[in-house]
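In this text, all values refer to a predicted model and were calculated from it rather than measured experimentally.
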Amino acid sequence: MSNKVHLGHTARKRFGQNFLTDQGVISSIVGAIAPDNDHVMVEIGPGLGALTEPVADMIDNLTVVELDRDLVKRLQYHPVLKDKLTIHQGDALQFDFGQLQQPGKKMKVFGNLPYNISTPLMFHLFEFAEQIETMHFMLQKEVVLRLSASPGTKAYGRLTVMAQYYCQVVPVLEVPPTSFTPAPKVDSAVIRLLPFEVKPWPCKNVDVLRHLVTTAFNMRRKTLRNNLKTLLSDEDFAALQIDASLRPEQISVPQYVAMANMLCDKKD
């Protein structure tokens, strides 16, 4: 039986589509998402509705953001889902998630994210972190390892620092390739991101932090002193009690925030 007949939709390489078909995994993920009517439930890239259907079953309304026009059409005519969904056809990377907020309700956001957009999409969503209660994403396992990494490990980088600045990061479960049709060549995993109500290490200007972290990790093999020489002096590092001879992946999130706050003070 061809994939086309089975799914009624051929997975498209350009959208990075691999459809989740393992029922056991699906119910574990839905359980982690914990759909309810007290939040605005938002799915990014519903695809063929593997998560959409069981989530919509449990709530009055589900908002979805989907780029693929053919899939949007399917959802609009879906016998069960059409009355449950609020559909936004468009690119999640450009989408203003702030417009989905409702009085007294935060968002719960979830999705099975294609590899090519997962990092920029998370950076985009972090801008709305204050309006979001939880995020659950299915990602390539290596991205989950990067999100949850500790300083001093190879996976620790720009994405780690920014994600852990905004959110508590909790790996939920690993998902083998056999759970998908077609089976991807990589392992996947589900991550839970819980935006902090009160940030443990508040930064005076997140743009400064983002620029600092990007600059620090531009050349991972070089020392912090080398990478940040245009931004911070040896006196600055001494004042912050940060060893400038270390590499960027050896520096903790609070240390990056301390450096960014010093840069903000210098600008003022």
(message) Tell me if a side-chain donor or acceptor on R158 pairs with a main-chain N or O of V213 at a distance below 3.5 Å.
(response) no

(request) Could you list the residues that satisfy side-chain hydrogen bond (donor to acceptor under 3.5 Å, both in side chains) with N226, not counting sequence neighbours? (result) none

(request) State whether a side-chain donor-acceptor pair under 3.5 Å links D22 with T178. (result) no

(message) Any carboxylate oxygen within less than 4.0 angstrom of a Lys/Arg side-chain nitrogen, looking at K84 and D57?
(response) no

(request) Taking all non-hydrogen atoms of both residues into account, name the closest pair between Q164 and W201 and its distance. (result) O-CZ3, 3.6 Å

(request) Please tell me if the side chains of L193 and I191 come closer than 4.5 Å, counting only heavy atoms from C-beta onward. (result) yes

(message) Working note: H211 + V208, criterion side-chain contact (heavy atoms from CB on, under 4.5 Å); need CA distance, chi angles, decisive distance, verdict.
(response) CA-CA 5 Å; H211 174 64; V208 173; 5.8 Å; no

(request) Please check if F97 and V72 belong to a single hydrophobic cluster, counting links between Ile, Leu, Val, Met, Phe, Trp and Tyr side chain heavy atoms closer than 4.5 Å. (result) no

(request) Measure from the side-chain N and O atoms of H78 to the backbone N and O of G49, and report whether any donor-acceptor pair falls under 3.5 Å. (result) no

(request) Determine whether M138 and I117 fall in the same hydrophobic cluster, where Ile, Leu, Val, Met, Phe, Trp and Tyr are linked whenever their side-chain heavy atoms lie under 4.5 Å apart. (result) no

(request) Quick one: pull up OH in Y166 and CZ in F128 and give me the separation to the nearest 0.5 Å. (result) 11.0 Å

(request) Inspect the contact between K154 and E249 and indicate whether a charged nitrogen and a carboxylate oxygen are less than 4.0 angstrom apart. (result) no

(request) To the nearest 0.5 angstrom, please state how far the CD atom of Q250 sits from the OG atom of S245. (result) 8.0 Å

(request) Kindly indicate whether the side chain of Q76, heavy atoms from C-beta on, has any atom under 4.5 Å from the side chain of L85. (result) no

(request) Answer yes or no: is there a side-chain heavy-atom contact under 4.5 Å between T119 and R146? (result) yes

(request) Check whether the side chains of H88 and E66 place a donor and an acceptor atom closer than 3.5 Å, and report yes or no. (result) no

(request) Would you confirm whether E197, through its side chain, and E130, through its main-chain N or O, come within 3.5 Å as a donor-acceptor pair? (result) no

(message) For the CD1 atom of I29 and the CG atom of L51, what is their distance to the nearest 0.5 Å?
(response) 5.5 Å

(request) Examine F180 and V143 and state if one hydrophobic cluster contains both, with Ile, Leu, Val, Met, Phe, Trp and Tyr joined whenever side-chain heavy atoms are less than 4.5 Å apart. (result) no

(message) Testing the basics here: between P184 and P177, what is the closest heavy-atom pair and its distance to 0.1 Å?
(response) O-CB, 3.3 Å

(request) Look at K204 together with D265 and state whether they make a salt bridge at an N to O cut-off of under 4.0 Å. (result) yes

(message) Determine whether a donor-acceptor pair (N or O, by modelled atom type, separation under 3.5 Å) exists between the side chain of Q140 and the backbone of S188.
(response) no

(request) Determine, using the 4.5 Å side-chain heavy-atom cutoff (strictly less than), whether I132 and I33 are members of one ILVMFWY cluster. (result) no

(request) Measure the spacing between OG1 of T63 and CE of M107 and express it to the nearest 0.5 Å. (result) 9.5 Å

(message) Less than 3.5 Å apart, any donor N or O on the side chain of E142 or Y115 sitting next to an acceptor on the other?
(response) yes

(request) Determine, step by step, whether F217 and R220 satisfy the side-chain contact (heavy atoms from CB on, under 4.5 Å) criterion, reporting the C-alpha distance in whole Å, the side-chain angles of both residues, the deciding distance to 0.1 Å, and the verdict. (result) CA-CA 5 Å; F217 282 98; R220 291 183 70 99; 3.8 Å; yes

(message) Tell me if a side-chain donor or acceptor on Y256 pairs with a main-chain N or O of P248 at a distance below 3.5 Å.
(response) yes

(request) Locate the shortest heavy-atom distance separating L93 from P120; write the atom from each residue and the value. (result) CD2-C, 3.6 Å

(request) Check whether any side-chain N or O of E43 sits under 3.5 Å from a backbone N or O of V109 as a donor-acceptor pair, and report yes or no. (result) no

(request) Assess whether salt bridge (Lys or Arg N to Asp or Glu O under 4.0 Å) is satisfied between D38 and K106, documenting all intermediate values. (result) CA-CA 8 Å; D38 304 326; K106 283 193 168 189; over 6 Å; no

(message) Any heavy-atom pair between the side chains of R192 and M135 that's under 4.5 Å?
(response) no

(message) I need the minimum non-hydrogen distance between A244 and T223, along with the two atoms involved.
(response) O-CB, 3.6 Å

(message) Please determine whether a side-chain nitrogen of the Lys or Arg among K266 and D236 lies less than 4.0 Å from a carboxylate oxygen of the Asp or Glu.
(response) yes

(message) Treating N227 as the side-chain partner and M219 as the backbone partner, does any N or O pair qualify as donor plus acceptor under 3.5 Å?
(response) yes

(message) Is any side-chain heavy atom of L194 closer than 4.5 Å to one of C167?
(response) no

(message) Between F137 and V144, is the side-chain contact (heavy atoms from CB on, under 4.5 Å) condition met? List the steps.
(response) CA-CA 9 Å; F137 297 124; V144 166; over 6 Å; no

(message) I need the L212 CG to C264 SG distance, nearest 0.5 Å.
(response) 9.5 Å

(message) I'd like to know if the side chain of Y165 reaches the main chain of K199, judged simply by a donor and an acceptor atom lying under 3.5 Å from each other, with no hydrogens or angles considered.
(response) no

(message) What's the separation between atom CG in L159 and atom CG in L147, rounded to the nearest 0.5 Å?
(response) 4.5 Å

(message) Is there a path of hydrophobic side-chain contacts, each under 4.5 Å between heavy atoms, that joins V64 and F19?
(response) no

(message) Could you check whether any side-chain N or O of Q255 sits under 3.5 Å from a backbone N or O of S252, counting only pairs where one atom can act as donor and the other as acceptor?
(response) yes

(message) Could you report the tightest heavy-atom contact between L67 and Q89, atom names first, then the distance?
(response) O-NE2, 2.7 Å

(message) Taking the basic N atoms (NZ, or NE/NH1/NH2) and the acidic carboxylate oxygens, is any pair closer than 4.0 Å for D70 and K73?
(response) no

(request) Over all heavy atoms of both residues, which pair between M41 and P35 is shortest? Give the atoms and the distance, please. (result) CE-CA, 3.7 Å

(message) Does any part of the side chain of K82, heavy atoms only, come nearer than 4.5 Å to the side chain of L75, both counted from C-beta?
(response) no

(message) I want to check something: taking the side chain as every heavy atom from C-beta on, are I44 and L125 in contact at a cut-off of under 4.5 Å?
(response) yes

(request) Measure from the side-chain N and O atoms of Q94 to the backbone N and O of D91, and report whether any donor-acceptor pair falls under 3.5 Å. (result) no

(message) Within the structure provided, determine whether V40 and Q101 are in side-chain contact (heavy-atom separation under 4.5 Å).
(response) no

(request) Evaluate side-chain contact (heavy atoms from CB on, under 4.5 Å) for L139 paired with M122, printing each intermediate quantity in order. (result) CA-CA 11 Å; L139 300 159; M122 281 184 279; 4.0 Å; yes

(message) For T181 and T21, which I'm curious about, is there any donor-acceptor pair between the side chains at under 3.5 Å?
(response) yes

(request) Could you tell me whether Q99 atom CD has more than 12 heavy atoms of other residues or ligands within 6.0 Å of it? (result) yes

